[in-house]
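Everything on this sheet refers to the single structure shown next.
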Amino acid sequence: MIPAPVDYVEAESADAAIAALTQHGDEAKLLAGGHSLIPLMKFRLATPTVLVDIGRLGDLSYINDGGDHIAIGALTTHRALETSALLQADAPIMAHVASQVGDPSVRHRGTLGGSLAHGDPASDLPAALLASGGSVVAKGPNGERVIPASELFTGFLETALAADELMTEVRIPKATGAGWSYQKFNRRAQDWAIVGAAAVASGNGDGTRVALVNMGPTPMLSSAVGSALSGGASAADAAALAAEGTSPPEDLNGDAEYRSHLARVLVKRALDEAGS
Amino acid sequence: MQVEMTVNGQSMSADVEPRTLLVHYIRDDLGLTGTNVGCDTSSCGACTIHINGESAKSCTMLAAQARGTDVTTIEGMADNGTLHPMQQAFMECHGLQCGYCTPGMVMAATSLLKENPNPTEAEVREGLEGNLCRCTGYHNIVKSVLSAAGNSTNGGSQ
Ligand SMILES: Cc1cc2nc3c(=O)[nH]c(=O)nc-3n(C[C@H](O)[C@H](O)[C@H](O)COP(=O)(O)OP(=O)(O)OC[C@H]3O[C@@H](n4cnc5c(N)ncnc54)[C@H](O)[C@@H]3O)c2cc1C
Ligand code: FES
Ligand code: FES
């Protein structure tokens, strides 16, 4: 399978990438690791006419201590997340979830920004961002804005990023010592989650955030579980509500009822492990 | 477009269409047919090569994305006719049957040992999760990697 003909521009800086997006409009697509976009282009499900390659923008690959949060450059690979001592200490769910993505070769190339901007409901890192209560920084022709995770995922493979915006940074509030869990259910090691559940018990009295993988058109927070927990429900009672407000997809791996069952079981396990 | 990269230690420069996949550039333009295409959907690992020493699936990369990098294919592993210790271990431990997955397995396994020089059996199995063997010779593949780890780490666990 070969992608349709396409023009290619290598951006030398974030600003150059934004200028190229502004110039080419909807026809252009950013290319980071390419591990979501290139498969789509090979199937010709995506046919951008211009690729703006940001894959080698080294200054957007970093993991820094930002005080109350960890600041992660959008071009940071899954491998770098997985092996970061800073993340393991202060936002351990991000390091762990990155280690659950695909296989080692995928993790060498795929980036955090690409995974979040792609917005696939079946992917792992969006759920970790949602459960962590993180945010992303979007940079466009008119400057920067911060988008909270809860407002990032707007539809199937759609995000709040505008066509001329570049995600530059991902911010994860520190959760040093807080309970957390990621439950990914699949049949073969390298596969995507049939259903997944991420939970982070925030240390600052915010309660526990629970996010679901592959339970609807977008990566999502479970508000039913969250509000039951803040209302004092037990983990078992809260987890029983995990399928509320979801619209799980149906495929060869399972129908909606099976996925709803998995969501309840995985959320219970996640809450138990996170100590909620 | 013009792309330059180093392949197996040699500087290469070619005029390719931007949509050219790295695996096609390697096989069709450079004639290095040791890198195989199995699934063509980034699942099987037959096309695994190294980009700057790290394993990558060359069916899921554009040649353009490798511009300026150091690419190693299976042809670059032996040193003047002397097999790489990983190749030698595959030979000694019967780590291949039909051989189709082998170049990718060797590339993934050497990348794994670079990151984890003395892996446990479970770590080898997990480290090779992105590489499929249709002959299902996993047992001897894992044995080969453990044996190579022993060789390259002065008396590792095997
Ligand atoms: C075999 C295989 C298995 C996989 N398994 C899993 C899995 O188990 N779990 C999982 O979560 N993921 C999985 N993935 C996907 C992987 O995580 C991808 O790396 C990730 O989804 C996309 O990151 P990328 O850097 O490759 O993005 P790209 O493919 O380059 O880009 C994806 C999209 O995001 C946009 N984009 C990229 N960067 C930015 C940015 N900085 N700002 C704005 N827009 C941007 C692009 O324009 C494009 O639309 C798998 C992929 C493969 C090939
Ligand atoms: S051919 Fe590239 S992973 Fe199968
Ligand atoms: S040896 Fe035949 S596919 Fe692995």
Side-chain angles (χ1 to χ4, degrees), chain A residues 1-12 29-58 75 77-80 82-83 99-111 114 186-192, chain B residues 1-3 16-25 28 37 39-69 104-105 107-116 119 122-132:
Chain A
M1 295 176 297
I2 297 169
V6 64
D7 284 333
Y8 173 95
V9 189
E10 186 173 347
E12 305 291 340
K29 270 263 171 211
L30 292 169
L31 177 68
H35 272 48
S36 291
L37 186 53
I38 290 175
L40 287 181
M41 289 175 65
K42 287 172 72 177
F43 282 118
R44 307 223 174 171
L45 294 171
T47 49
T49 52
V50 182
L51 287 177
V52 180
D53 191 356
I54 52 172
R56 273 158 297 198
L57 290 184
L75 269 292
T77 62
H78 305 326
R79 168 76 189 163
E82 180 185 350
T83 53
S99 79
Q100 302 300 299
V101 172
D103 58 62
S105 298
V106 170
R107 298 197 288 273
H108 287 147
R109 305 288 315 163
T111 68
N186 57 13
R187 296 214 169 95
R188 295 176 312 176
Q190 62 164 345
D191 278 353
W192 299 74
Chain B
M1 63 180 294
Q2 203 67 25
V3 285
V16 299
E17 271 192 86
R19 62 171 166 165
T20 308
L21 297 170
L22 181 58
V23 71
H24 292 148
Y25 172 65
D28 303 343
V37 178
C39 64
D40 201 14
T41 55
S42 31
S43 308
C44 75
C47 65
T48 307
I49 52 147
H50 293 176
I51 302 282
N52 297 332
E54 288 188 326
S55 65
K57 292 176 172 179
S58 59
C59 71
T60 311
M61 268 187 82
L62 300 177
Q65 288 179 285
R67 193 194 57 75
T69 67
M105 286 287 180
M107 300 313 283
T110 43
S111 175
L112 168 69
L113 289 198
K114 206 168 149 203
E115 288 166 3
N116 181 1
E123 286 168 343
V124 172
R125 289 186 185 274
E126 231 167 75
L128 295 180
E129 66 188 338
N131 292 69
L132 304 180

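Each chain gets a letter, A, B and so on, in the order the sequences are listed, and its residues count up from 1.
For B/Thr69, no part lies near chain A; criterion is any non-hydrogen pair under 4.5 Å. Both the backbone and the side chain of B/Leu62 come within contact range of chain A, with heavy atoms under 4.5 Å apart. With a 4.5 angstrom heavy-atom cutoff, B/Met61 touches chain A via backbone and side-chain atoms both. Both the backbone and the side chain of B/Ala56 come within contact range of chain A, with heavy atoms under 4.5 Å apart. Neither the backbone nor the side chain of B/Ile49 comes within less than 4.5 Å of any heavy atom in chain A. Of the two parts of A/Leu51, only the side chain, counted from C-beta on, holds a non-hydrogen atom closer than 4.5 Å to a non-hydrogen atom of chain B. Contact of A/Arg79 with chain B is made through the side chain alone, with heavy-atom distances under 4.5 Å. For a residue to count as touching a neighbouring chain, one of its non-hydrogen atoms must lie under 4.5 Å from one of that chain's; by this rule B/Arg67 touches chain A with backbone and side chain alike. Contacts of B/Thr60 with chain A are made by both backbone and side-chain atoms, with heavy-atom separations under 4.5 Å.
A donor atom on one side chain and an acceptor atom on the other are found under 3.5 Å apart for B/Ser55 and A/His108. With no hydrogens or angles considered, no side-chain donor-acceptor pair links A/His78 and A/Ser99 at under 3.5 Å. Side-chain contact, B/Asn116 with B/Glu123: a donor N or O sits under 3.5 Å from an acceptor N or O.
Residues A/Ala32 and A/Ile54 approach most closely at CA-CG1, 4.1 Å, considering heavy atoms. In terms of heavy atoms, B/Tyr25 sits closest to B/Ala63 at CB-CB, 4.0 Å.
Between A/Arg107 and B/Glu115, no side-chain nitrogen of the basic residue sits less than 4.0 Å from a carboxylate oxygen of the acidic one, so the salt-bridge criterion is not met.
Contacts with chain B were tallied for A/Arg109, A/His35, A/Arg56; A/Arg56 has the most, counting heavy-atom pairs under 4.5 Å.
Remark: B/Ile51 CD1 to B/Leu22 CG distance equals 5.5 Å, nearest 0.5 Å.
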